[in-house]
Every structure is written in C-alpha cells, then in structure tokens.
Amino acid sequence: MRVYLDNNATTMVDPLVMEEMAPFFTKIYGNPNSLHAFGSDSHPALRKAMDRLYAGIGAKDSDDVVVTSCATESINWVIKGVYIDHILRGDKDNIITTEVEHPAVISACKFLESLGVKVTYLPVNSQGVAEVSSLREYITPTTALVSVMWANNETGMIFPIKEMVEIAHEHGALFHTDAVQAIGKIPVNVQEVGVDFLSFSAHKFHGPKGVGGLFIKDGQPLTSLLHGGEHMGGRRSGTLNVPGIVGMGKAMELANLHLEDENKIVRSLRDMLEDEISKIPDVFIIGKKEERTPNTLLVSVKGVEGEAMLWDLNQKGIAASTGSACASEDLESNPVMEAIGAEADLAHTALRLSLSRFNTKEEIAYAIDAIKAAVTRLRSISSTYSYAPKWHKSRL
Ligand SMILES: Cc1ncc(COP(=O)(O)O)c(C=O)c1O
C-alpha cells in the first residue's frame, strides 16, 4: 500500500482540476494578450477562474487578486514591496513577523536585515503560537508591516490573525498573512479579518504547482517586482499561466465546497491517527487538537531520529515529513520545535503527518501499525532512548 501523509508539502491535483486545465495546453493555448481568437478564446475561462479566486477568499470586486508563480513569490513581493514603498522612502523603519514563519518569510526578512532594516521575530508560546500580547509589546508607530501566518505548516496551529490585524492597524502598520496552510482547511475570508495582503498557493489545496496568488486590499499600493508587459493590470508582468490559473480557480472552488464535509472526515482520520500515536509511551504532540487545522499532526517520538522514522515509513510506502519540505534535505532539527524551546534531542525527533480529503480509513489504519512498528524497531537500536531529554524550562 502507498499512503501519502505529506499534504502540507504538496497535494495531489484533484482530477476535476486536471479536467478543467487540460484544454488549455493543447486546444486553447493562445496568449490571452494576443489580438486574435486563439488568445481571446481563453478569456471566459480566465474570468471564471478569477471570480472563483475572489469568491474563495471573500474578496470584493474592487480588491486585487494577482496571480503569481507561487506563495514564495507573493510573500517576497509583499515584504520587499513594503520595504520599497515605506521603509526606503523613510516614513517607517521596521517589520514584525514571528519565529515560526515559513522560510519564504524568514529569508525575505533576513535579506532586508542585511540592508539595515530592523526586523522583530515574535516568540511563540508552548503551543507554537505567537501571542497578541507580544505583538502589542513590540509594535511601534514606525512599524511598516506585520507578517504573521494564518496557520503553521509544521503544527497546523491557527494564529489569532483578526486581533493582530486590529493592533497593526491601530499603529498604522500594514498586515500580511501567509494563508498557504489555511486555505482549504479552515474558512478564510479577507474581509472578516481585515488583512491588507494575503498569500496563497494552488498546490497546497489540490491545484497545480507553479501558481499562487496575492490578495491586495482595495486601493493598497504595492510596488511591482516584475516589470515588463504590464500583465495583471500592471501589477505583475509575465505571460499568464492560463492552465495554472484555470486550475487554481477550480481548486479554490472545490476547496470551499468540500470545507465542511471534508473537514469532518479529515479531522476524524487525523484524530484516529493522533489518538493511537498518543498511546505510544514518551511521545509529545505539539499543540491542542482543536486549535489546529484539521489535517495536521506534529509529534515528537523520544529516542527516534525523525529521518530514521521517515526511512522506515518510506520502506512501507508511507510518505511523511520531519519539517518544512523546502528545508528538510539536511538533518537540521524541526524549527518550530526549537522555537517552542525543545532541547536539540527532541527537536530532532519530529514527525509531521498531514492528511487530505483523499486519504482513507484503511490507509490510516495501515499507517498506525507501521508507525508503531517503526518506533519499536528504532527505539531498540537507539542510543538516546535510555535517557530522557527534558523540555526546556518545562514549557510543555
Ligand atoms: C506556510 C507556507 N508558506 C509558504 C510556502 C511556500 O509556498 P510555495 O511552494 O507556493 O512557494 C509553504 C510551502 O511549503 C508553506 O507551507
């Protein structure tokens, strides 16, 4: 059996999404900006896809939703654009984010630090969440941007975005949220939370890879990073990825259509997995179940190196992760567990299991047996399981 439990890294393209995309590779392949019918043939589908994106995140017609190549691009655009518009021009001087953002945010902020910008990385509590009180403590009248993820990719923990947006706006700062791990898992409505910018990525909600989006609130200026043929209303140049946009629109529609039902089913499968794993001695599950996205589970298995666990599971056809997919090629410890305050021994024992609506009960039962067997085997040969590393400052 092959079981894919790494849906926070990427997801399978829904067959219905594939079906909608297919004609735009070989039949309706004109450049939408061309003045002939090969080009204009794609316009109705593009309009429909954009409508689906607006509806999917609750944007108004007057807002901008700009299609990008991925969430990494959307995130870099916001952070560097706000730097150009507000910090370089001298009216603001700092950015606030959190210690547990995706590398797309952290690396863009580090880049700005290298240019002399002050960046504050809000600490997280024992659940891996940055608290509203800590934003209140660090924000200043010269903060240009607050960038806080909606849901964490490692733990699935949901952040108090709405309250944070209010604080940012009270202080005259703009607010961006990385909603990559929220869309398709929990309701996302830009008007309800009042964010200025929101990033998303199609391949995390059963759409294709290589296409993402940036929501820009009505009237909010943001200097473009890609100059050229003035596509996307002049916001982002580059020939439109027509199949990608059509696919992302359909995937967004399906994500919202399935939200309630699928969340019940995915949540119950995740809980089944979590309840069984919790019975293994010396395991720590990060974050309260009810405060997480319904598909995610991050567990520390004492005495078991995360990579060794992945290897054992892979032998049985099961895909999981030890940390952010983009950063997990080396043997570094899990960054969120480090931020929570876990000692290195424990931060190296992270196992992230992330489900989707395509997982079945049989698959989860198979994975439970495989995980239990792997823990028994790996602990029997572990040199670290005999002693007990402690959570730093008893924060768990
Ligand atoms: C929370 C979060 N933000 C951003 C990204 C980057 O998304 P993309 O692959 O579209 O660049 C990811 C992907 O792992 C993510 O999980």
Side-chain angles (χ1 to χ4, degrees), residues 8-10 66 68-87 92-124 128-132 134-135 138-139 143-161 164-165 167-168 173-183 188 190 193 195-201 203-204 212-217 220 222-223 225 293 296 298 323-328 332 334-340 352:
N8 285 8
T10 197
V66 182
T68 62
S69 63
C70 58
T72 299
E73 182 192 326
S74 307
I75 290 165
N76 271 266
W77 182 12
V78 171
I79 292 174
K80 292 169 187 174
V82 168
Y83 164 70
I84 294 167
D85 294 340
H86 298 279
I87 298 181
K92 302 275 181 173
D93 63 10
N94 73 88
I95 287 179
I96 297 180
T97 185
T98 79
E99 279 184 343
V100 294
E101 298 295 311
H102 186 271
V105 172
I106 301 278
S107 301
C109 286
K110 294 275 175 212
F111 171 69
L112 292 195
E113 279 186 291
S114 77
L115 301 179
V117 177
K118 182 175 180 314
V119 180
T120 303
Y121 300 88
L122 299 178
V124 293
V129 172
E131 288 178 1
V132 172
S134 118
L135 175 59
Y138 289 102
I139 197 163
T143 300
L145 178 72
V146 178
S147 183
V148 177
M149 63 199 335
W150 198 314
N152 184 267
N153 42 303
E154 306 291 344
T155 59
M157 285 298 288
I158 298 164
F159 283 57
I161 295 303
M164 287 185 161
V165 171
I167 295 171
L174 294 164
F175 197 99
H176 165 249
T177 187
D178 169 355
V180 166
Q181 298 291 348
I183 288 183
V188 168
V190 289
V193 291
V195 290
D196 301 290
F197 307 106
L198 175 143
S199 299
F200 57 94
S201 183
H203 74 101
K204 306 286 186 174
L214 180 65
F215 159 81
I216 305 174
K217 194 157 113 184
Q220 185 57 54
L222 185 70
T223 287
L225 292 191
T293 48
T296 305
L298 181 68
S324 175
C326 336
S328 67
E332 281 179 13
N334 182 282
V336 178
M337 287 181 55
E338 266 186 10
I340 291 173
R352 183 184 73 182

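Neither side chain, S199 nor D178, offers a donor N or O lying under 3.5 Å from an acceptor on the other.
For the pair I95/I87, a side-chain contact is recorded, criterion being any heavy-atom separation below 4.5 Å from C-beta on. A 4.5 Å side-chain heavy-atom check between L115 and Y83 finds at least one atom pair inside the cut-off. Taking 4.5 Å as the limit, every side-chain heavy atom of V66 sits out of range of all side-chain heavy atoms of L222. Contact check for W150 versus I183: no side-chain heavy atoms found under the 4.5 Å cut-off. The closest side-chain heavy-atom distance from V188 to F200 is not below 4.5 Å. No side-chain heavy atom of Y138 sits under 4.5 Å from any side-chain heavy atom of N94. V82 is listed as a side-chain neighbour of F197, based on a closest heavy-atom distance under 4.5 Å.
If you take NZ on K110 and CD1 on I79, they are separated by 12.0 Å, rounding to the nearest 0.5 Å. Considering CD of E113 and CD1 of I106, their distance stands at 9.5 Å, rounded to 0.5 Å. With rounding to the nearest 0.5 Å, the separation of CD1 in I161 from CG in L198 is 9.0 Å. Atom-to-atom distance recorded for L122:CG and E131:CD is 10.5 Å, nearest 0.5 angstrom. Rounded to the nearest 0.5 Å, atoms OG (S107) and CG (L112) are 11.0 Å apart.
K204 places a side-chain N or O within donor-acceptor distance of the main-chain N or O of A9, the cut-off being under 3.5 Å. With N152 contributing its side chain and V100 its backbone, the two residues share a donor-acceptor pair below 3.5 Å. Checked by atom type and distance alone, the side chain of S74 pairs as donor or acceptor with a backbone atom of G213 at under 3.5 Å. Using a distance-only test at 3.5 Å, with no hydrogens or angles considered, a donor-acceptor pair links the side chain of N8 to the main chain of N153. A distance-only check finds no donor-acceptor pair linking the side chain of E154 to the backbone of R352 [under 3.5 Å].
V132 and M164 make their closest contact through N-CE, 4.1 Å (heavy atoms, listed as atom of the first residue, atom of the second, distance). The minimum heavy-atom distance linking T296 with G156 is given by the pair CG2-N, 3.7 Å. Scanning both residues, A151 and Q181, for their nearest heavy atoms gives O-CB, 3.6 Å. Taking both residues in full, the closest heavy atoms of A130 and P160 are given as O-CD, 3.7 Å, listed atom of the first, atom of the second, then distance. What you find for A104 and N76 is that their closest heavy atoms are O-ND2, 4.0 Å. Nearest heavy-atom pair, E99 versus A339, reported as atom, atom and distance to 0.1 Å: OE1-CB, 3.5 Å.
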Next on the checklist: Please determine whether side chain to side chain contact (heavy atoms under 4.5 Å, CB included) holds for the pair Q220 and F215, giving the CA-CA distance in whole Å, both sets of side-chain angles, and the decisive distance to 0.1 Å.
Outcome noted: CA-CA 10 Å; Q220 185 57 54; F215 159 81; over 6 Å; no

Next on the checklist: Quick one, I75 with H176, criterion side chain to side chain contact (heavy atoms under 4.5 Å, CB included). Give me CA distance, side-chain angles, the key distance, then yes/no.
Outcome noted: CA-CA 8 Å; I75 290 165; H176 165 249; 3.9 Å; yes

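The residue from T143, L174, L145, T223 that alone fulfils the side-chain contact (heavy atoms from CB on, under 4.5 Å) condition with H86 is L174. Under the side-chain contact (heavy atoms from CB on, under 4.5 Å) rule, V148 has a single partner from T177, L135, T98, I96, which is T98.
Applying the salt bridge (Lys or Arg N to Asp or Glu O under 4.0 Å) rule to pairs touching residues 71-81 yields E73-R236, sequence neighbours excluded.
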